[in-house]
Every structure is written in structure tokens, then in C-alpha cells.
Amino acid sequence: NRYVKMFLFHIHTFYFSFYRKKGIVVKKTLLRVVSVLLAAIMVFALVGCKKSEGDTGGDTGDGASSGKKTMRFLSNIQDRTRTEGLHEQMQLDKWLEKNPDYTLDYEFVPNANIQEKTSQYMATDNLPDVYKEWASTQEFVDRAKNGMLQVIWDSQEAANEEGYNFLDGALNKWTYEGKVYGGAYNFDVFIWYYNGEMFEKEGWAPPESWEEFMSLIDTIKDKGYVPASFSGKDAYQSSAILQDIMTRVSGDNELGLKAITGETKWTENEDIRKSFEYASELIEHDISGGTSWLAQDYAGARGLFVNGEIPLYFFGSWEFMMITDDQLSETFREKVDFFMTPDIPGGKGSKTDLGAYFGGGLSAASKSNYPDAAKDLVKFVFLPENSAKDAWEMQLLIPAQNFDAYRNPETEHPIMTHLLEVINNGTSTMDKNILSGYNNDWTSQTNPMWLDYMSGQADIDTTLEGLQSVADAVQAAEGQN
């Protein structure tokens with residue numbers, strides 16, 4: 001199946017590139033017919049294809065024919081040959097090498113859909129043996145509460161007594177009634193990446209204040225560029241901007257959580273309204289260049305930035321791994337850097353109040369056919385000499401564990417040093433990325449609202465009323481459970 005896919009891809013690429021190079025005009029109707037035929041061939045060729053193909057870079061999961069014990073593994077990263085996927089696969093391969101009687105049956109679901117997929121497995125009490133978990137939603141709490149997850153450590157203290165060296169707060173969201181049900185790979189903070197090569201060429205400088213930020217956006221626009229790249233398929237980008245601004249205005253990283261759970265109201269809190277008013281300035285200054293970004297996915301938004309078409313890119317700190325992408329120009333990789341959302345005039349918080357949290361990791365199902373092995377796999381991955389060491393040395397992630405032993409400041413890229421300075425100077429963080437992940441109901445109903453608001457298609461009042469309506473429904477549902 002791998003070779004069928006490669007063959008069809010190259011046929012498709014050759015067909016269109018050949019005619020374009022020859023200058024031959026192909027009628028649109030013919031192009032559509034050929035594309036449909038190729039798509040149909042692809043579908044039939046891939047029917048029955050296992051998600052655990054060997055070209056993922058990991059074990060094929062063919063336990064039945066090999067006589068090995070097979071465990072199911074669910075992740076959001078299909079490419080196992082580079083960046084995050086390679087890092088995760090390295091840990092699994094090391095465990096498999098030490099446990100040759102086992103194999104893994106891989107399933108990969110896109111990032112936008114994996115929470116829903118996990119909830120589907122949860123509904124049938126059929127969670128994969130080991131799976132990618134963010135531990136940020138109410139559903140995770142329900143999984144732990146209902147005994148669907150294995151206890152990995154008896155307490156946060158026990159984890160570090162065993163030498164796992166998790167950073168303060170790294171296991172908070174993974175903990176239910178004192179027990180720890182998984183571990184986090186990394187520490188995340190949303191930042192404004194900027195193309196240092198473009199900034200040098202145009203004479204721009206990272207803004208130090210909100211007024212300078214608005215002026216920079218206008219200057220970039222006057223030069224003929226769309227200021228910042230966004231993905232409409234990743235609504236958490238838009239909610240993260242609001243989270244950042246709400247923290248700058250209120251000085252309270254938990255203001256969003258309080259509004260969701262009823263401690264305050266979206267429609268009545270002055271700091272929330274003021275935050276939306278400042279976010280509206282970004283929209284009024286046309287930071288995203290209209291609404292075309294709503295159709296953009298992650299790869300497209302990233303591509304516009306790394307290829308020098310758009311100078312700013314608001315995204316999570318994990319994206320600093322772009323410095324390892326040898327498909328990008330060496331100059332871009334050398335000069336890419338970031339700045340934090342500037343302070344808000346009269347705000348109670350500052351840019352040291354980080355809209356930061358500990359990211360995804362792994363959990364193990366209690367109903368695994370091989371519970372001891374599943375738990376052992378999770379614990380093995382989070383040995384500091386495994387995940388934390390590889391993540392930092394490969395320049396991919398900021399580990400959620402102490403990694404001082406693996407640092408080499410002389411060889412660290414400047415963006416890595418900059419990130420550590422920001423984190424070390426931070427005065428507050430969040431346990432979870434609340435605005436985009438309180439629970440599945442909240443996320444599914446509010447994601448369109450963040451996008452409508454940040455694209456200028458909904459005003460402040462409409463958005464706040466919508467958020468309040470969803471918050472009321474979430475509170476009512478939780479009151480019934």
C-alpha cells in the first residue's frame with residue numbers, strides 16, 4: 001500500500017507538471033476528470049490499509065503473525081520520521097527493543113479530531129492501551145474518576161522520588177484525588193514568531209509596548225504584507241490570543257476558567273470586556289489580512305511564514321522546532337525569533353504572566369490486555385534520559401522535566417535560550433489551556449465563536465453573549481452529573 005500511494009502521487013505530480021512545463025493548456029473539465037479518477041483509484045487502493053504501516057517509522061503492529069503481544073497506540077502525529085513524531089517514535093522504539101515480546105498497533109488521528117476520537121473510545125470503554133492525552137478537559141477527569149485509566153504514580157512526589165524530575169506544576173492536571181494518571185512531554189507558551197531576516201531587511205523591531213505593536217502591524221501592512229499568519233483550522237490560536245490579552249488586562253490566568261464555571265460572567269466582567277476591546281484593535285488594524293485565513297490549515301499557515309510571505313506567526317512554543325527543518329533556508333533558521341504579547345496600558349498583569357501550560361503526554365488504559373506493560377511503557381518514556389533528553393538535544397520541545405543535565409548553552413540556538421529566559425522570568429502560568437479545552441462540549445461550541453470574532457465577523461456583544469450561553473449550558477450539565 002505504501003508503494004501504491006507513492007506511485008499514484010508521482011503519477012499525479014508528473015501529469016500536471018509535464019503539461020505545465022510543455023505550455024500545453026489542459027481543459028479544466030479534463031483536469032477534474034483525471035483528478036477524480038486518481039482519487040477513486042487511491043481510495044480503492046487504500047481500502048483495508050492498516051493505520052500501522054511500516055512507513056510510519058515504527059513497528060508494523062503485526063502481532064498476530066509474529067506471535068508477539070500487541071498493544072494499541074493512539075497519537076496525533078502520523079509522520080514518525082521527523083520532529084515531534086520522530087521524538088515520540090524514538091521513545092517507543094527504545095521500549096520495544098527492551099521488550100521484544102511486544103509490538104504496537106498504531107493509529108494516527110489528526111490533531112483537530114483526536115480529542116473526539118478519544119471520547120468515542122471512552123464511550124465504549126475501549127481506550128487504546130497507551131494513547132496521547134492532554135489531560136486538560138473534563139473528560140480526562142471523568143476517565144480517571146471512572147477507573148478507565150491506570151495510576152502511573154501514587155502521587156506527584158512519588159514520581160519525582162523515583163527520579164522523573166517533573167517541573168513544578170507539570171503533573172497538576174494529570175492528578176485526580178492525589179493519584180497521577182499520566183505524564184507531560186513539554187511546556188508550552190504562545191508567542192509571536194517573527195522572521196528575523198525580513199525584520200532586518202525592512203528595519204523593523206520587535207514591539208515593546210501595545211502601541212508599538214499596533215504601529216508595527218500598520219507598518220507591515222503599508223509595505224504590502226499581510227502582518228500575521230493564522231490557521232482557521234486551529235481555533236485554539238484565536239482563543240489563545242484572547243487568553244494572553246485577558247491575562248495582561250486582569251493579571252489573572254484563571255479568569256477564563258472562572259467565567260466558564262460561573263464564578264464570574266462573560267457578559268458582566270469588566271476585565272473580560274476590556275480584553276475583547278483590545279483584541280478588537282488587532283482586528284481593526286487588519287492583522288490577519290481579511291478572512292481568507294479561515295480556510296487555512298496548520299501547514300498552510302506555517303508555510304506562509306517560513307517561506308517569507310508573512311512576517312509574523314502566532315503559535316505555540318513547540319513550533320520553535322522549525323529551526324531543525326532542513327527544508328527551510330539556513331538564514332531563516334538562524335534569524336527566526338519571537339516576542340511576547342506586549343503589556344496592555346493600565347493592565348493589572350504583564351508579559352511575565354505567561355499564558356503557558358504543560359502540554360500533551362501519555363496515559364494508559366486500565367482495561368489494557370497488558371496493563372503492566374502499558375504502564376511500564378508510559379513510565380519508560382518519561383525517564384529523563386529518554387523523552388526530556390531527546391526533546392531538548394533534538395531542538396524540538398521544552399521538556400516538562402528538568403533537563404539541565406542535557407543543556408549545552410554553547411550550541412543552543414538563540415531562540416531556545418530566549419524561550420528559557422522567558423520561562424525562568426515568568427511570574428505565573430496556567431495548569432491547562434482552558435479557553436480551547438475545558439471540555440469537549442465547550443470546545444466544539446465555542447471554537448466557531450473565536451474564529452468569527454477574530455475574523456471580524458462577530459462583534460464583542462454577540463461573542464460574549466454566545467460564550468455566556470455555552471458556559472450556562474456547561475454549568476447546567478455539570479450540575480446534573
May I ask you to test the [X]-[Y] pair for a side-chain heavy-atom distance under 4.5 Å?
{"X": "Glu211", "Y": "Met214", "value": "no"}
{"X": "Asp376", "Y": "Tyr102", "value": "no"}
{"X": "Lys98", "Y": "Lys94", "value": "no"}
{"X": "Lys69", "Y": "Asn369", "value": "no"}
{"X": "Met449", "Y": "Val470", "value": "yes"}
{"X": "Met340", "Y": "Val189", "value": "yes"}
{"X": "Phe315", "Y": "Ser229", "value": "no"}
{"X": "Phe166", "Y": "Phe358", "value": "no"}

To the nearest 0.5 Å, what is the distance between OG1 on Thr264 and CG on Asn269?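 Interatomic distance, Thr264 OG1 to Asn269 CG, rounded to 0.5 Å: 4.0 Å.
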State the CD-CE distance between Gln395 and Met416, to the nearest 0.5 angstrom.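 With rounding to 0.5 Å, CD (Gln395) is 4.5 Å from CE (Met416).
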State whether [X] and [Y] are salt-bridged, where the test is any N-O pair (Lys NZ or Arg NE/NH1/NH2 against Asp/Glu carboxylate O) under 4.0 Å.
{"X": "Asp252", "Y": "Lys258", "answer": "yes"}
{"X": "Glu208", "Y": "Lys351", "answer": "yes"}
{"X": "Asp129", "Y": "Lys367", "answer": "no"}
{"X": "Lys379", "Y": "Glu162", "answer": "yes"}

Check the pair Leu86, Met394 against side-chain contact (heavy atoms from CB on, under 4.5 Å), reporting the backbone distance first and the verdict last. CA-CA 10 Å; Leu86 175 59; Met394 293 168 69; 3.8 Å; yes
Short side-chain to backbone donor-acceptor contact, [X] and [Y], under 3.5 Å:
{"X": "Tyr193", "Y": "Phe320", "answer": "yes"}
{"X": "Asp297", "Y": "Gly300", "answer": "yes"}
{"X": "His87", "Y": "Ser387", "answer": "yes"}
{"X": "Asn386", "Y": "Phe380", "answer": "yes"}
{"X": "Lys173", "Y": "Trp134", "answer": "yes"}
{"X": "Asn113", "Y": "Val109", "answer": "no"}
{"X": "Arg248", "Y": "Thr341", "answer": "yes"}
{"X": "Thr352", "Y": "Gly426", "answer": "no"}
{"X": "Ser155", "Y": "Ala158", "answer": "yes"}
{"X": "Asn165", "Y": "Leu167", "answer": "no"}

Would you say the side chains of [X] and [Y] form a donor-acceptor pair under 3.5 Å?
{"X": "Thr427", "Y": "Asp353", "answer": "yes"}
{"X": "Ser428", "Y": "Asn253", "answer": "yes"}
{"X": "Gln296", "Y": "Ser292", "answer": "no"}
{"X": "Tyr438", "Y": "Thr261", "answer": "no"}
{"X": "Asn172", "Y": "Gln156", "answer": "yes"}
{"X": "Asp101", "Y": "Asn99", "answer": "no"}
{"X": "Glu88", "Y": "Tyr185", "answer": "yes"}
{"X": "Gln237", "Y": "Tyr298", "answer": "no"}

How close do [X] and [Y] get, counting heavy atoms only, and between which atoms?
{"X": "Ile77", "Y": "Arg80", "answer": "O-NH1, 2.8 Å"}
{"X": "Tyr313", "Y": "Arg302", "answer": "OH-CB, 3.6 Å"}
{"X": "Trp95", "Y": "Ala373", "answer": "CZ2-O, 3.6 Å"}
{"X": "Gly359", "Y": "Ala184", "answer": "O-CB, 3.8 Å"}
{"X": "Glu212", "Y": "Pro206", "answer": "OE1-O, 4.4 Å"}
{"X": "Pro128", "Y": "Ala365", "answer": "O-CB, 3.2 Å"}

Atom CG of Asp168: over 12 foreign heavy atoms under 6.0 Å: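 Open: at most 12 neighbouring heavy atoms sit under 6.0 Å from CG of Asp168.
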Which label fits [X] and [Y]: parallel for a plane angle under 30°, tilted from 30 to 60°, or perpendicular past 60°?
{"X": "Trp442", "Y": "Trp266", "value": "parallel"}
{"X": "Phe276", "Y": "Trp450", "value": "parallel"}
{"X": "Phe403", "Y": "Trp392", "value": "tilted"}
{"X": "Trp192", "Y": "Phe314", "value": "tilted"}
{"X": "Tyr106", "Y": "Phe73", "value": "perpendicular"}

What's the verdict on side-chain contact (heavy atoms from CB on, under 4.5 Å) for Asn195 and Val336, showing C-alpha distance, side-chain angles and the deciding distance? CA-CA 5 Å; Asn195 185 317; Val336 64; over 6 Å; no
Might you work through the side-chain contact (heavy atoms from CB on, under 4.5 Å) test for Leu467 and Thr446, ending with a clear yes or no? CA-CA 7 Å; Leu467 293 172; Thr446 60; 3.8 Å; yes
Test side-chain hydrogen bond (donor to acceptor under 3.5 Å, both in side chains) applied to Gln243 and Thr247, step by step: CA-CA 6 Å; Gln243 174 65 56; Thr247 301; 3.1 Å; yes
Cation-pi check, Arg143 onto Tyr121 ring (under 6.0 Å, within 45° of axis):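 The answer is no, since Arg143 fails at least one limit relative to Tyr121.
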Assess Lys179 against Tyr176: is NZ or CZ under 6.0 Å from the centre of the six-membered ring, and within 45 degrees of the ring's axis?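 That pair does not qualify as a cation-pi contact.
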I'd like to check the side chain to side chain donor-acceptor pair (under 3.5 Å) partners of Gln468; sequence neighbours left out, ordered by chain and number.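 Once residues adjacent in sequence are excluded, the partners of Gln468 under the side chain to side chain donor-acceptor pair (under 3.5 Å) criterion are Asp472.
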Step-by-step side-chain hydrogen bond (donor to acceptor under 3.5 Å, both in side chains) determination, Ser119 to Asn440: CA-CA 8 Å; Ser119 294; Asn440 286 346; 2.4 Å; yes
Test: salt bridge (charged side-chain N to carboxylate O under 4.0 Å, His left out). Region: residues 274-289. Which pairs qualify, not counting sequence neighbours? none
Among Thr118, Asn439, Leu149, exactly one meets side chain to side chain contact (heavy atoms under 4.5 Å, CB included) together with Phe140. Which residue is that?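 Of Thr118, Asn439, Leu149, side chain to side chain contact (heavy atoms under 4.5 Å, CB included) with Phe140 is met by Leu149 alone.
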Just to verify, what does Asp452 make a side chain to side chain contact (heavy atoms under 4.5 Å, CB included) with, not counting sequence neighbours? Gln457, Ala458
Give the C-alpha distance, both sets of side-chain angles, the deciding distance and a yes or no for side-chain contact (heavy atoms from CB on, under 4.5 Å) between Asp142 and Met122. CA-CA 10 Å; Asp142 292 340; Met122 176 183 171; 3.6 Å; yes
